[in-house]
Amino acid sequence: SFIYNSLINGLCEADKVDDAIELLKTMKEAGCRPCNVTYTTLMNGLCKAKRLEEAKTLFERTRQNGYKPDTVMYSALIDGLCKAGQQTQALELYEDMKGNGCKPNRFLYSSLIDGFCKSGNIDRALEILEVMIESGCPPNIVVYSNIIDGLCRANRMEEGYQYFLDIIQSGSHPNVVTYSILIDGFCKIGKIDMALKLFSEMKTKGCAPNVVTYTSLIWGLLKVGKAAEARNLLKSMISAGCEPN
RNA sequence: CCCCGAAAAAG
């Protein structure tokens, strides 16, 4: 069944969810019993293909067939709900999950926090961050990056930057995503000086900018009319071995 | 601890 699960996962990642569903049938016909991993993989594939209703149906059917959803299975569906902006249902499922003895972990909190951030409810995201900390699940860099991104989107750059400083002070290391979020945020409000400062800081710290970082910064330079500098940055991007897309 | 499943950034 590990083999079937891996194949199903591969098909989902190749956007061939229907083929993955077919393979599930084949798997059963071959007398191989699907497990939580199999169903979680399919639900995730359905969610990524924006086929949320089918993912929900699969979840219910799986549960009716006697499978006990675990934290990973709940997380996959909760993440899908969050990404589709269905926060109410996501929270219902989160309660259901806790009621069934599944412990929320960083993945789950990250999905909830990111969902609230992207649906414009940064304050709710900050509340969940508190819950997370109080329940003894220390946020990692992904969760803090979610929060910083939410603050940037809410035009609360200063607070976002403050979280960034706090992360460093607490001995954690911002990664290329964290830096890219802040650089993009500062570029979008025209604070190119701050963006450039972070860009040089990340390189000093050995954190290599990627195509996302460069794209934001080039966009930011163009926005403030620094076309020549944008072009130079494109050149240094290429010479740094980063392929423009 | 113990092979397969869930989370973040630009366009």
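Throughout, a chain's letter reflects where its sequence line sits, starting with A, and its residues are numbered from 1. Source: prediction; values computed, not measured.
- Here the nucleotide nearest the side chain of Asp70(A), chosen from rG5(B), rG11(B), rA7(B), is rG5(B).
- If you measure from atom CG of Leu7(A) to atom C1' of rG5(B), you get 14 Å, rounded to the nearest angstrom.
- Only one option out of Thr71(A), Ile78(A), Leu77(A) pairs with Ser75(A) in a side-chain contact (heavy atoms from CB on, under 4.5 Å); it is Thr71(A).
- Comparing the C1' positions of rA6(B) and rA10(B) gives an interatomic distance of 24 Å, to the nearest angstrom.
- A heavy atom lying under 4.0 Å from RNA chain B marks the following residues of residues 187-212 of chain A, by number: Lys188(A), Asn210(A), Val212(A).
- Cation-pi geometry between Lys188(A) and Phe186(A) is not met at under 6.0 angstrom from the ring centre and within 45 degrees of the axis.
- Every side-chain contact (heavy atoms from CB on, under 4.5 Å) that Gln162(A) has, sequence neighbours left out, goes to Leu165(A), Asp166(A).
- Side chain to side chain, Asn210(A) and Thr213(A) meet the donor-acceptor criterion of an N or O pair below 3.5 Å.
- Atom OH of Tyr74(A) is separated from atom P of rG5(B) by 21 Å (rounded to the nearest Å).
- One can place CD1 of Ile147(A) at 18 Å from P of rA7(B), the figure rounded to the nearest angstrom.
- For Asp79(A), the side chain to side chain donor-acceptor pair (under 3.5 Å) criterion is met by Lys83(A), Ser111(A), not counting sequence neighbours.
- Residue-to-nucleotide contacts include no donor-acceptor pair under 3.5 Å from the side chain of Asn146(A) to the base of rA9(B).
- For rA10(B), the base has a donor-acceptor partner in the side chain of Asn245(A) [N/O atoms by modelled type, under 3.5 angstrom].
- In this structure, Lys197(A) does not pair ionically with Asp193(A), as no charged nitrogen and carboxylate oxygen lie closer than 4.0 Å.
- One atom, OH of Tyr163(A), and another, C1' of rA8(B), lie 16 Å apart when rounded to the nearest Å.
- Legend: salt bridge (Lys or Arg N to Asp or Glu O under 4.0 Å) pairs involving residues 226-245 of chain A, not counting sequence neighbours: none detected.
- Using a 4.0 Å cut-off, some side-chain N or O of Arg153(A) falls inside it from OP1 or OP2 of rA10(B).
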| task | I would like to know whether Asp96(A) and Glu92(A) meet side-chain contact (heavy atoms from CB on, under 4.5 Å); could you show each step before the answer? | result | CA-CA 6 Å; Asp96(A) 180 67; Glu92(A) 278 170 19; over 6 Å; no

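- Ring geometry for Tyr163(A) versus Tyr144(A): interplanar angle of 30 to 60°, hence tilted.
- Every residue meeting the ring-ring contact (aromatic ring centres under 6.0 Å, His included) condition with Tyr74(A), not counting sequence neighbours, appears here in chain and number order: Phe59(A).
- Rounding to whole angstrom units, CG of residue Asp184(A) and C1' of rA9(B) are separated by 7 Å.
- Summarising the geometry, the separation between CG on Leu222(A) and P on rG11(B) is reported as 13 Å, rounded to the nearest angstrom.
- Checking Thr38(A) against Asn5(A) by side-chain atom types alone, a donor-acceptor pair falls below 3.5 Å.
- Interface residues of residues 46-68 of chain A facing RNA chain B, ordered by number: Lys48(A); criterion, heavy-atom separation under 4.0 Å.
- Residues forming a salt bridge (Lys or Arg N to Asp or Glu O under 4.0 Å) with Asp15(A) (at least two apart in sequence, or on another chain): none.
- Distance, Asn175(A) CG to rA8(B) P: 13 Å, rounded to whole Å.
- The salt bridge (Lys or Arg N to Asp or Glu O under 4.0 Å) check on Glu13(A) picks up nothing, with sequence neighbours excluded.
- Evaluation of the salt bridge (Lys or Arg N to Asp or Glu O under 4.0 Å) rule for Glu54(A) yields Arg51(A) as partners, not counting sequence neighbours.
- Proximity of Leu46(A) to Leu52(A): side-chain heavy atoms (C-beta onward) are nowhere separated by under 4.5 Å.
- Side-chain contact of Thr178(A) with Asn175(A): a donor-acceptor pair under 3.5 Å is present, judged by distance alone.
- Residues Met73(A) and Thr62(A) meet the side-chain proximity criterion, which asks for heavy atoms closer than 4.5 Å.
- Considering only side-chain atoms of Val142(A), the nucleotide from rA9(B), rA6(B), rA7(B) that sits closest is rA7(B).
- Residues from residues 86-103 of chain A that place a heavy atom under 4.0 Å from any atom of RNA chain B: there are none.
- Contacts with RNA chain B (heavy atom under 4.0 Å) in residues 23-45 of chain A: Asn36(A), Val37(A), Thr40(A), Thr41(A), Asn44(A), listed by number.
- Between the P atom of rC4(B) and the CG atom of Asn9(A) lies a distance of 11 Å, rounded to the nearest Å.
- Backbone-only contact: Ser6(A) has heavy atoms under 4.0 Å from sugar-phosphate atoms and none from a base.
- RNA chain B lies under 4.0 Å from at least one heavy atom of each of the following residues of residues 106-124 of chain A: Arg106(A), Phe107(A), Ser110(A), Ser111(A), Asp114(A), Lys118(A).
- For the C1' atom pair drawn from rA9(B) and rG5(B), the interatomic distance equals 24 Å after rounding to whole Å.
- Side chain Asn105(A) to base rA7(B): no donor-acceptor pair is found below 3.5 Å.
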